[in-house]
Chemist: 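Sharing a structure below in structure tokens format, with a few things to ask.
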Protein chains: 4
Amino acid sequence: MAKATDGDGTPVPQRLLAAATRLFAERGYDRTSVQEIVEAAGVTKGALYHYFGSKEDLLQEVYARVLRLQQERLDAYANADAPIEERLREAAADVVVTTIENLDDASIFFRSMHHLSPEKNKQVRMERRRYHERFRALVEEGQRAGVFSSATPADLVVDYHFGSVHHLSTWYRPDGPLTQQEVADHLADLLLRALRP
Amino acid sequence: MAKATDGDGTPVPQRLLAAATRLFAERGYDRTSVQEIVEAAGVTKGALYHYFGSKEDLLQEVYARVLRLQQERLDAYANADAPIEERLREAAADVVVTTIENLDDASIFFRSMHHLSPEKNKQVRMERRRYHERFRALVEEGQRAGVFSSATPADLVVDYHFGSVHHLSTWYRPDGPLTQQEVADHLADLLLRALRP
Amino acid sequence: MAKATDGDGTPVPQRLLAAATRLFAERGYDRTSVQEIVEAAGVTKGALYHYFGSKEDLLQEVYARVLRLQQERLDAYANADAPIEERLREAAADVVVTTIENLDDASIFFRSMHHLSPEKNKQVRMERRRYHERFRALVEEGQRAGVFSSATPADLVVDYHFGSVHHLSTWYRPDGPLTQQEVADHLADLLLRALRP
Amino acid sequence: MAKATDGDGTPVPQRLLAAATRLFAERGYDRTSVQEIVEAAGVTKGALYHYFGSKEDLLQEVYARVLRLQQERLDAYANADAPIEERLREAAADVVVTTIENLDDASIFFRSMHHLSPEKNKQVRMERRRYHERFRALVEEGQRAGVFSSATPADLVVDYHFGSVHHLSTWYRPDGPLTQQEVADHLADLLLRALRP
DNA sequence: CATGAATGAGCGTTCATTCAT
DNA sequence: TATGAATGAACGCTCATTCAT
């Protein structure tokens, strides 16, 4: 238990990842130097390069973590045993809540993806696509069932909603007039209202 | 007319601004070097610094241009002589069209704002705020008239729509299945449907 | 009378020289840009290069002016009709007063001489040498007459006094406890006392 | 002993400091480029910035070294067990000798201090002040004892002497007619003679 | 006489990464 | 495992000077 930890007992890789996440969100990927990350994590450069192949790998790990989390939650809501309106509403609200809860990761996600090398970028986009499609399937299911209007292509509906989710990191403030849940409910409500036949 | 131009006759400052816009959108602000900008514009560094105080000034100019354009267009639609639904629908569709028409500027706008120094950032945010508020006033006008639902605070409605506009640069492709106008109409339609009482 | 002047009627070359003198003294030769000089003088770069061949020429002109002035004054005191102690005392005090009165020029003189090109440097050193030698001749005259001690070589005596003159720009402040004349009298007194047989 | 050295075995920071000292003295601080320093030291720029935060830090280090040395020596002479005339004479001569022995450092000191940032400048001035005051205390001690004339304020006496010390780098040449010690003795003698009651 | 756009070389500094220990 | 000295390429920016007008 004395290995790869320091003082607080958190393993070095986690400490590095946490420091990198905070700094990338604060100042952006390019403006964060490896030196700053290792100082914030309380280790040396050698240690970082022992656990991560490059600065970019660190960024990819941040992505991988948030992508995994969001996909799991979406799957849980989407596959639940409930009417389609309810499942879509809950999934739509949940992505808002988890995005707010991980606003740092979200900022990085929407602002730093183009810093990944083409291959890694492609991989992230693919996972992102899977997420998008599971969400779209919900919309289409409701459209086929006649519960949702088919006036707008499902793809566009999904992008409409995700746009507002991405946008959260631009305007949401924890000390604002609305709680996370209220924001989530409102945004889910707007989506469902737009889909009324 | 032989002043400050070269070969094609376009003034040097414009050439620099155009080159910077394209490059900032392509690879991001931090990843674009001053050297690349001046090479793309066919001038030397000295010329750039003759017209612009810094690389950051170049970025601010890009912002200033697009902010001015969008504000003008919004004002025109918002102050038109037509029913409120119509005015909101047209304004909502128009911001989509002009964003697509200037997708480079838009990408820069939503991804590089945090690269501006605090003071310049503040100024841009202020102008942005003015735009947001003009749009919000339209929503509130409809809500007061009972034409739009008041279920969702107008602020949130505006952010919902603008989120999808920002998101355009992430997914819109000119060679996609929908034309600019179709995308604009769909997105405006989603907004109006969500606002039905 | 409307030529080469501006507003205040001072000829452009003088205005440039005055601006350069102030700025060179304030921030040093290398840290003063040609742009700053022309702005301070209220003219453009072209005007500067019309009257002066280079930035260095400006510096040389500053030197030439102060050298001429000091040489003239020394000659006047040295060739006066008075006992040698009196003539040396007055010359020694006068160089202190004129140095304090032109503290800017003096700072430049003692700090920026090595910025001149070899040829110009040589010329300035030569004129400086002439000044030194006229002063030394006074000391030697007194030594030969037995009025001054010969314990120290005259050269060294001169450097001893000039050292304190150069040093003035380091510590003299107009709002200090001593007036210019008091400082001058004290320093001349120290010299004369050191020379007592 | 194989760490941070190269070829000759001298540690890199020392090599950099030595190269910088020589070059700053030769051509002045502003005229010496970082590139020239690292080339003279046989390392790369990265190495310099590994050990020193900036070019200015290098200059400050030169100052710190000479200030420390001179203060130590002055303290030793001033606190010795000997009559006041003897202690002042020896201290006055010693500062001349050590200045000549480190003429490079001295040139830099008297010509480049204004290149330091305000904060660092202040620090250097403070240490310099301490030195000045220890020296002044010696003069005052002799004045109170009636051994030295009180005709001139002690402050001015100190500045008179230090002026000649600063001036050394302007005229002293190792191949001149006088040895270091002879120059030192003469200058100390002039000071003591000037202080005779 | 005077302008100011433009040059081009050089500046101090940063930084991801490597590697001997 | 982990260190930290060192690299080397690139970065944003400055500036004395030139020259067509």
Side-chain angles (χ1 to χ4, degrees), chain A residues 2-6 12 29-38 43-58, chain B residues 1-6 11-13 16 29-38 41-58, chain C residues 2-6 12-13 29-38 43-58, chain D residues 2-6 11-13 16 29-38 41-58:
Chain A
K3 222 176 285 177
T5 72
D6 179 82
V12 169
Y29 178 78
D30 276 333
R31 306 242 164 149
T32 304
S33 74
V34 168
Q35 189 59 45
E36 289 170 325
I37 297 171
V38 299
V43 302
T44 60
K45 278 193 199 174
L48 186 151
Y49 280 93
H50 180 72
Y51 291 108
F52 299 91
S54 67
K55 185 184 171 189
E56 206 193 344
D57 281 4
L58 225 32
Chain B
M1 67 202 59
K3 216 182 286 175
T5 72
D6 178 82
V12 168
L16 283 165
Y29 178 77
D30 276 335
R31 302 262 164 132
T32 303
S33 74
V34 169
Q35 190 57 47
E36 288 170 326
I37 298 171
V38 298
V43 301
T44 60
K45 277 192 205 177
L48 186 154
Y49 282 95
H50 182 68
Y51 292 106
F52 298 92
S54 65
K55 185 186 170 188
E56 205 193 345
D57 281 4
L58 224 33
Chain C
K3 222 177 285 177
T5 72
D6 179 82
V12 169
Y29 178 78
D30 277 333
R31 306 241 164 149
T32 304
S33 74
V34 168
Q35 189 58 45
E36 289 169 326
I37 297 170
V38 298
V43 302
T44 60
K45 278 192 200 174
L48 186 152
Y49 281 93
H50 181 72
Y51 291 108
F52 298 91
S54 66
K55 185 185 170 188
E56 207 193 342
D57 282 3
L58 225 32
Chain D
K3 215 180 287 175
T5 71
D6 180 81
V12 168
L16 284 164
Y29 177 78
D30 276 336
R31 302 260 163 135
T32 303
S33 74
V34 168
Q35 190 59 47
E36 288 170 326
I37 297 171
V38 300
V43 301
T44 60
K45 279 191 198 178
L48 187 154
Y49 282 94
H50 182 69
Y51 291 106
F52 299 91
S54 65
K55 185 186 171 188
E56 204 193 346
D57 280 4
L58 225 31

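Worth knowing before you read on, the calculation uses all heavy atoms, side chains too, and leaves out hydrogens, waters and symmetry mates. Chain naming here is simple, since letters A, B, ... match the order of the sequence lines and numbering starts at 1 in each.
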Chemist: What are the two closest heavy atoms between B:T32 and B:K55, and how far apart are they?
Modeler: O-NZ, 2.8 Å
Chemist: Measure the distance from CZ on B:R31 to P on E:dT14 and round it to the nearest whole Å.
Modeler: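 Result: 19 Å.
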Chemist: Could you pick out which residue, B:L48 or D:S54, lies toward the 5' side of DNA chain E when each is mapped onto its nearest nucleotide?
Modeler: B:L48
Chemist: Let's see if you can work this out: which of F:dT18, F:dT7, E:dT17 has an atom nearest to the side-chain heavy atoms of D:A47?
Modeler: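 Of the options given, the side chain of D:A47 lies nearest F:dT7.
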Chemist: With sequence neighbours left out, what residues match D:E36 under salt bridge (Lys or Arg N to Asp or Glu O under 4.0 Å)?
Modeler: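 Partners of D:E36 under the salt bridge (Lys or Arg N to Asp or Glu O under 4.0 Å) test: D:R27.
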Chemist: Any side-chain N or O of B:S33 less than 4.0 Å from the OP1 or OP2 oxygen of F:dC11?
Modeler: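 For F:dC11, OP1/OP2 do have a side-chain N/O of B:S33 under 4.0 Å.
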Chemist: What are the two closest heavy atoms between C:S54 and C:Y49, and how far apart are they?
Modeler: CA-CE2, 4.1 Å
Chemist: Could you tell me the separation between the NZ atom of B:K55 and the P atom of F:dA10, rounded to a whole number of Å?
Modeler: 15 Å
Chemist: Write down the distance between CZ (C:F52) and C1' (E:dA2), rounded to a whole number of angstrom.
Modeler: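 These atoms are roughly 15 Å apart.
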Chemist: Between E:dC15 atom C1' and A:Y29 atom OH, what is the distance in whole Å?
Modeler: 12 Å
Chemist: Between C:Y49 and D:G46, which has a closest nucleotide on DNA chain F that is more 5'?
Modeler: D:G46
Chemist: Rounding to a whole Å, what distance do you find between A:D30:CG and F:dC11:C1'?
Modeler: 12 Å
Chemist: Which heavy atom of A:R31 sits nearest a heavy atom of B:Y29, and at what distance?
Modeler: NH2-CE2, 3.5 Å
Chemist: Ignoring backbone atoms, test whether C:K45 places a side-chain nitrogen or oxygen under 4.0 Å from the OP1 or OP2 oxygen of E:dG4.
Modeler: no
Chemist: Which residue lies toward the 5' end of DNA chain E, D:E56 or B:H50, if each is placed at its nearest nucleotide?
Modeler: B:H50
Chemist: Can you name the side chain to side chain contact (heavy atoms under 4.5 Å, CB included) partners of D:A41, sequence neighbours left out?
Modeler: D:R15, D:L16, D:A19, D:V43
Chemist: For E:dA2, does either OP1 or OP2 sit under 4.0 Å from a side-chain N or O belonging to C:Y51?
Modeler: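 So the side chain of C:Y51 is within the cut-off, an N or O lying under 4.0 Å from OP1 or OP2 of E:dA2.
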Chemist: Using a 3.5 Å limit on both distances, find every run of at least three consecutive Watson-Crick or G-U pairs that involves DNA chain F.
Modeler: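 Runs of three or more consecutive pairs: E:2-21 with F:2-21.
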